[in-house]
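First the structure, in the form of structure tokens, and then the observations on it.
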Amino acid sequence: MSYLTRLGQFQILKRSYAVSSNLIQPVKQLTHPDDKIPQSTLDQVEEYSKYTVNTYARPSIIMKRGQGSYLFDTNDRPYLDFTAGIAVNALGHSDPEVAQVLYDQARTLVHTSNLYYNTNAGELAKLIVETTGGWAKKLFLANSGTEANEGALKFARKWGHQQSSDKYQIVCFTHAFHGRSLGALSVTPNPKYQKVFEPLLPGVVTCPYNDTERALEMITDKTCGVILEPVQGEGGVHPAAPEFLKAIRDQCNKTNSLLIFDEIQCGLSRTGKLWAHQHVDLEGCTPDILTMAKPLANGVPIGAILTSEKVGNLIKLGDHGTTFGGNPLSSAVALNVLKRITTPEFIASVNEKGEYLAFLLKQLQSKYPNLIKEVRGKGLMLGVEFQHDPTPLIKMARERGLLIVTAGCQTVRIIPPLTISKEEALEGVNKLAGAVDEFAATLK
């Protein structure tokens, strides 16, 4: 498609959206007020808290069921879900096909361990490699994104060990989030996560994100691996600049270091491409390792490490392992989900709805130019950055029946199910607008 054709389509899209810009009507009424939560629910929360390790700050509501883009609490109050389980439920809640696959597979075979092959895991590995194409050759199945990143770091360390005892450094980037296990935490340079668990993995070097000059200085012959998110999620929904990714790829080639793309949140069609790094249309700008997880089985725990041939061949018997990874149940679900979310039609719908939702959010920004600093992102991975800490917005939106989640850089992440409708997108922005209106009033 030519530039002029795309420009023409954009102008038509802009005019059609402009007609509906007045549809943004802030929801002022609190339909789900926290002070109306029944005592029975509060009693349940108190009881459960006695037996649960307290690592999460959670509201006093209990989710009972989900349907499509909505969650329902034990009092049957509906919440439009702009979090999708933190970018997990790509096909929404209680997807009928996923439910059927779970039922059928559970009646057939759930677990065998990796002492034996199983058809689903093999077919899933084949499908992911062939769907990605080009650089991708091998797959290791795990149980989560954190586990996938742990494995990727191990692979990088072995790569360096094969060449020199000094080649063990790993370069990560500011505002990154790669997980909370010790290795993944070591490349998540946030003091509030790291401080009480030090000392962490030695040999980790942190570089400013999107700073090409500094990256070239810090990736050296001592570097065994470089790990980054092509679009940072928890860090504030920041896409990597194309020239930044290309320069890092070239520097990894020069220093014989492995490039790891963490696409756990931004991959699998979330940004309007199969993989977020594919937005960078520069030759050879591909990784040696790619990690994935969140949407791969729509909420059933799974993770995976996708590798190039040289990395896949490096890992030998006993180098890595997993008890549950690649079990027949999760692999069966992932096969169903992957086939559905990677079709051209599905990805086109993500782009279309992403453009519409971004347009609505920018309309909201225009109403509060002194409060909302920027709307950014790709596809249905969007960030709304505020001039002030937006944490109070979580409660304000929830009390209007909208679930949102914050990120770094004073940003609210908008990561709904990829199946969200345009009507639901507008409903969500209207609820968010009501919350922003309330938030603005508290700052006066």
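Bear in mind the structure is a predicted one, so any value in this text is a computation, not a measurement. The figures here come from the full heavy-atom set of this structure, side chains too, leaving out hydrogens, waters and symmetry mates.
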Review point. Just one of Asp81, Asn298, Thr419 clears the side-chain hydrogen bond (donor to acceptor under 3.5 Å, both in side chains) bar with His93, so which one?
Key: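 The passing option is Asp81.
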Review point. Does NZ or CZ of Arg77 fall inside the cone over Phe72's six-membered ring, less than 6.0 Å from its centre and within 45° of the axis?
Key: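 Negative - Arg77 is either too far from the ring of Phe72 or too far off its axis.
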Looking at side-chain heavy atoms only, is the closest gap between [X] and [Y] below 4.5 Å?
| X | Y | answer |
| --- | --- | --- |
| Phe244 | Val280 | no |
| Leu124 | Ile302 | yes |
| Tyr356 | Leu426 | yes |
| Lys138 | Val311 | no |
| Ser60 | Thr41 | no |

Would you find a donor on one side and an acceptor on the other, under 3.5 Å apart, between the side chain of [X] and the backbone of [Y]?
| X | Y | result |
| --- | --- | --- |
| Thr271 | Gly267 | no |
| Lys353 | Leu380 | no |
| Glu123 | Leu335 | no |
| Arg249 | Thr286 | yes |
| Lys431 | Arg400 | yes |
| Lys294 | Ile86 | yes |
| Thr206 | Cys172 | no |
| His279 | Pro239 | no |
| Asn210 | Ala240 | no |
| Glu399 | Met396 | no |

Point-to-point distance, once rounded to the nearest 0.5 Å, from [atom1] of [X] to [atom2] of [Y]:
| X | Y | atom1 | atom2 | result |
| --- | --- | --- | --- | --- |
| Leu200 | Lys195 | CG | NZ | 10.0 Å |
| Cys409 | Glu385 | SG | CD | 6.0 Å |
| Thr83 | Asn89 | OG1 | CG | 8.0 Å |
| Gln410 | Glu374 | CD | CD | 13.0 Å |
| Asn120 | Leu127 | CG | CG | 12.0 Å |
| Ile219 | Ile248 | CD1 | CD1 | 5.0 Å |

Considering all heavy atoms of both residues, which atom of [X] and which atom of [Y] are nearest to each other, and what is their separation?
| X | Y | result |
| --- | --- | --- |
| Trp135 | Leu290 | CH2-CB, 3.7 Å |
| Arg398 | Asp34 | NH2-OD2, 2.7 Å |
| Pro417 | Ala84 | N-CB, 3.6 Å |
| Leu259 | Pro287 | O-CB, 3.5 Å |
| Leu268 | Ile341 | O-CD1, 3.7 Å |
| Ala276 | Pro230 | CB-CB, 4.0 Å |

Does atom [atom1] of [X] have more than 12 heavy-atom neighbours from other groups under 6.0 Å away?
| X | atom1 | result |
| --- | --- | --- |
| Tyr368 | OH | yes |
| Asp104 | CG | yes |
| Gln29 | CD | no |
| Lys373 | NZ | no |

Say whether [X] and [Y], considering side chains only, have a donor N or O and an acceptor N or O under 3.5 Å apart.
| X | Y | value |
| --- | --- | --- |
| Thr322 | Asn143 | yes |
| Tyr193 | Glu234 | yes |
| Thr411 | Arg376 | yes |
| Gln194 | Arg180 | no |
| Ser69 | Glu424 | yes |
| His178 | Asp262 | yes |
| Glu97 | Asn336 | yes |

Review point. For the side chain to side chain contact (heavy atoms under 4.5 Å, CB included) test, which of Ile305, Ile289, Ile315 pairs with Phe140?
Key: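 Single side chain to side chain contact (heavy atoms under 4.5 Å, CB included) partner of Phe140 among Ile305, Ile289, Ile315: Ile305.
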Check your understanding: Sequence neighbours excluded, which residues qualify as side chain to side chain donor-acceptor pair (under 3.5 Å) partners of Lys154?
Key ->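 By the side chain to side chain donor-acceptor pair (under 3.5 Å) rule, Lys154 matches His320.
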Review point. Parallel under 30°, tilted from 30 to 60°, perpendicular over 60°: which one fits the rings of Tyr79 and His32?
Key: tilted
Review point. Once the angle between the rings of Phe173 and Tyr209 is folded into 0 to 90°, is it parallel (under 30°), tilted (30 to 60°) or perpendicular (over 60°)?
Key: perpendicular
Exercise for review: Name all residues meeting the ring pair (Phe, Tyr, Trp, His ring centres under 6.0 Å) criterion together with Tyr48; count only those two or more places apart in sequence or in a different chain, and write none if there are none.
Suggested key: none
**Study point:** Worked verdict on Gln265 versus Ile415 for side-chain contact (heavy atoms from CB on, under 4.5 Å)
**Key:** CA-CA 10 Å; Gln265 185 166 158; Ile415 42 176; 4.1 Å; yes
